[in-house]
> 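The following block contains the structure, expressed as C-alpha cells.
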Amino acid sequence: MKVLVIGSGGREHALAWKLKQSPEVNQLFCAPGNAGTAELGENVAIGASDLSGLARFAKQNHVDLTVVGPDDPLALGIVDLFQQQGLRVFGPNKSAARLESSKIFAKELMRSANIPTARAQTFYDATAAHWYCGQTTFPVVIKADGLALGKGVVIAPNEVTARSTIDVMMKQRKFGEAGMRVLIEECLTGTECSLHALVDGEHFRLLQTARDHKRAFDGDTGPNTGGMGAFSPANNWSRELEAQFEKQVMAPLLESLRTHGIAFRGLLFPGLMITSEGVRVLEFNCRFGDPETQAILPRMKSDLLPLLNATIDGKIDNYSIEWDERASVTVVMASGGYPDKYETGKTISGLDDAAKVEDVQIFHAGTKRMNGNIVTAGGRVLAVTALGSTVEAARVRAYEAVSRINFEGAHFRRDIAMSAGAR
Ligand code: AMP
Ligand code: GLY
C-alpha cells in the first residue's frame with residue numbers, strides 16, 4: 001500500500017513511524033512533513049490545508065490511504081473532498097469534525113445527550129457577554145467557538161480579565177471568525193486525562209490513556225502551549241472511570257450523532273477533567289493529540305494500519321488492540337520563546353547520540369534539512385519518547401536522551417511526568 005500522512009508535526013512523524021512498520025505499507029509520503037518523516041519516506045511540498053493540491057497528489061500517485069493529522073484540513077472538509085474523488089482517507093468528514101471545529105455545536109450536542117460537561121452560556125455578541133460578566137461569579141472559562149491554534153481558551157480569574165478577553169475575541173477578532181461567538185463556562189477543578197478512541201460510526205476501541213502538560217514552564221506555570229510533554233498510561237484513570245466514561249460519554253455521544261445523521265469515522269480524542277463528581281468532558285478533538293500520540297503509539301504492539309482501515313470500514317468491533325505494558329514519557333524540546341516569538345534555523349546536534357539511549361524514540365516536529373544539517377523550523381522542535389518499566393524509569397531515559405541534544409535556545413520542561421506518582 002501507498003500511504004500519505006498529512007501534516008508536519010511530531011504527531012505526524014509518530015503516525016508515519018508506526019505505519020511504516022506495517023508489513024502492508026511499501027511506500028510512505030508525508031505532506032509537507034519534516035526532517036524526521038523524510039527519513040521514513042518521501043516528503044511532498046504541499047501544505048496541509050491545500051486540499052485540492054493534496055487530492056491531486058493522491059490521485060496522480062495512486063495513494064491507497066491518506067491519514068489526516070491536523071484539525072484544520074478536517075474542518076475544511078478534506079475527507080468529503082477525497083471521498084467525492086473516490087480516494088480512501090482516514091478522518092471524520094466536515095460535519096462530524098464540527099465536534100472540534102465548533103465548541104458551541106459540541107456543547108449543544110452534549111447538553112441534548114446529557115453528557116457530563118461544564119455548564120455554559122453561548123454568546124453571539126459582545127454586549128450580551130459583557131452583561132453576563134456583571135452577573136456571574138469568577139473564575140469562568142471563555143472559549144472561542146472555532147479553531148484558534150489551541151489559544152482560544154482563556155481561564156478568566158476575575159471580571160477585568162473576562163471583559164478584556166471578550167473584547168479581544170469578539171471585538172478585535174484576534175482569532176478572526178473563530179471568536180465571533182463564544183462560550184462562557186463554569187471552571188472545573190480536578191485532573192485532566194486524554195482519551196483516544198477509534199470510532200467507526202457505530203463502535204469504538206479505546207487506545208491507552210495519556211496526560212499532557214500544556215503550560216510552557218515547570219510547575220505548570222507560564223502560557224498555554226500545544227503541549228510540552230506527555231506520559232502514558234494516565235495515573236488518574238481507573239476501570240471505574242472507564243466504565244463511567246463509556247456509559248455516560250461514548251454511548252450517548254454515538255447515539256446522538258446517529259440521530260443527527262452524522263457518521264463519525266476517525267479518531268475521537270475527548271479531553272476530560274476528572275472531578276470529585278466524576279468524569280466531565282472539556283472538549284472533543286477529532287484527531288490524534290500532539291504530543292499524546294508520541295507517547296501512546298510507541299506502546300501500541302498491534303499494527304496500526306488495519307485498525308485505521310477497520311475504522312473507515314465500520315468494522316472496528318472485530319479488532320482488539322495489543323499494548324506494551326511499559327509506561328512511556330515524552331519530553332518536547334521547543335525553540336526558546338515558544339509559544340510566543342522564537343527564532344528558527346538553529347542547527348540541532350546530538351540526535352544520533354540521543355537515539356542510542358535504550359528504548360528511546362525521537363520524533364521530529366519543527367525540523368528541516370539545510371546544507372546537510374538538521375535545523376529548527378518551528379516552535380515545538382522534537383518530542384523525545386522513552387519506554388520504561390515504570391513512569392519514573394521512562395522519565396530518566398527520556399531526559400538522558402534530551403540531555404544529549406543541543407540547539408541554541410532549546411527549551412524543555414524538566415518536570416514532565418515528575419509528580420506522576422503523586423498527582
Ligand atoms: P480545551 O481546548 O477546551 O481543551 O481547553 C484547553 C484547556 O483549558 C484544557 O485542557 C483545560 O486545561 C482548560 N479548560 C477548558 N475548559 C475548562 C473548564 N471548563 N474548566 C477548567 N479548565 C478548562
Ligand atoms: N495535546 C492536546 C492536543 O493535541 O490538543
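First listed ligand is number 1; within each ligand, the first listed atom is number 1. Keep in mind it's a predicted model, so treat the numbers as computed, not measured. Heavy-atom basis, side chains included; hydrogens, waters and symmetry copies ignored. One-based numbering along the sequence shown.
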> Does Arg111 pair with Glu108 as a salt bridge, N-O distance under 4.0 Å?
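Salt bridge absent between Arg111 and Glu108.
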> Going by an N to O cut-off under 4.0 Å, is there a salt bridge joining Arg326 and Asp359?
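Salt bridge present between Arg326 and Asp359.
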> Start with the C-alpha gap between Glu192 and Arg211, add the side-chain angles, then the distance that decides, and say whether salt bridge (Lys or Arg N to Asp or Glu O under 4.0 Å) holds.
CA-CA 7 Å; Glu192 290 182 49; Arg211 294 186 64 183; over 6 Å; no
> Tell me which residues fall inside the under-4.0 Å heavy-atom shell around ligand 1.
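For ligand 1, the contacting residues are Lys103, Ala118, Val141, Lys143, Val153, Ile155, Glu185, Glu186, Cys187, Leu188, Glu192, Lys214, Met273, Leu282, Glu283.
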> Number the atoms of ligand 2 from 1 as they appear, then name those within less than 4.0 Å of a heavy atom of Gly289, with their elements.
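Matching atoms, with element in brackets: 4 (O).
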> Provide the number and element of each atom of ligand 2 under 4.0 Å from a heavy atom of Asp212.
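Per the distance check, 1 (N), 2 (C).
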> Could you walk me through whether Arg265 and Asn93 pass the side-chain hydrogen bond (donor to acceptor under 3.5 Å, both in side chains) check?
CA-CA 8 Å; Arg265 295 205 180 88; Asn93 61 22; over 6 Å; no
> With heavy-atom distances below 4.0 Å as the criterion, list the atoms of ligand 2 near Arg287.
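Heavy-atom distances to Arg287 below 4.0 Å select 3 (C), 4 (O), 5 (O).
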> Is the His13 ring parallel, tilted or perpendicular to the Phe363 ring (thresholds 30°, 60°)?
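Aromatic pair His13/Phe363 classed perpendicular.
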> Tell me whether Gly271 reaches ligand 2 (any heavy atom closer than 4.0 angstrom to a ligand atom).
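Under 4.0 Å: no for Gly271.
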> Between Phe217 and His411, is the ring centre distance below 6.0 Å?
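Yes, ring centres under 6.0 Å apart.
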> Could you please spell out the steps behind the salt bridge (Lys or Arg N to Asp or Glu O under 4.0 Å) verdict for Asp313 and Arg88?
CA-CA 10 Å; Asp313 295 332; Arg88 193 170 171 81; 3.0 Å; yes
> Under 3.5 Å between any N/O of Lys214 and any N/O of ligand 2: does that happen in this structure?
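Not met; the criterion fails.
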> Judged by atom type as modelled, is there a donor-acceptor pair below 3.5 Å linking the side chain of His196 to the main-chain atoms of Gly289?
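It does hold such a pair.
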> Between Arg280 and Glu277, does a salt bridge (Lys or Arg N to Asp or Glu O under 4.0 Å) hold up when you go through it step by step?
CA-CA 9 Å; Arg280 298 285 180 275; Glu277 280 139 50; 3.6 Å; yes
> How does Arg11 reach ligand 2, if at all, at less than 4.0 Å between non-hydrogen atoms: by side chain, backbone, both, or neither?
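Under 4.0 Å from ligand 2, Arg11 contributes no heavy atoms.
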> Mind checking whether Phe288 has a heavy atom under 4.0 Å from ligand 2?
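Outside the 4.0 Å threshold, so no.
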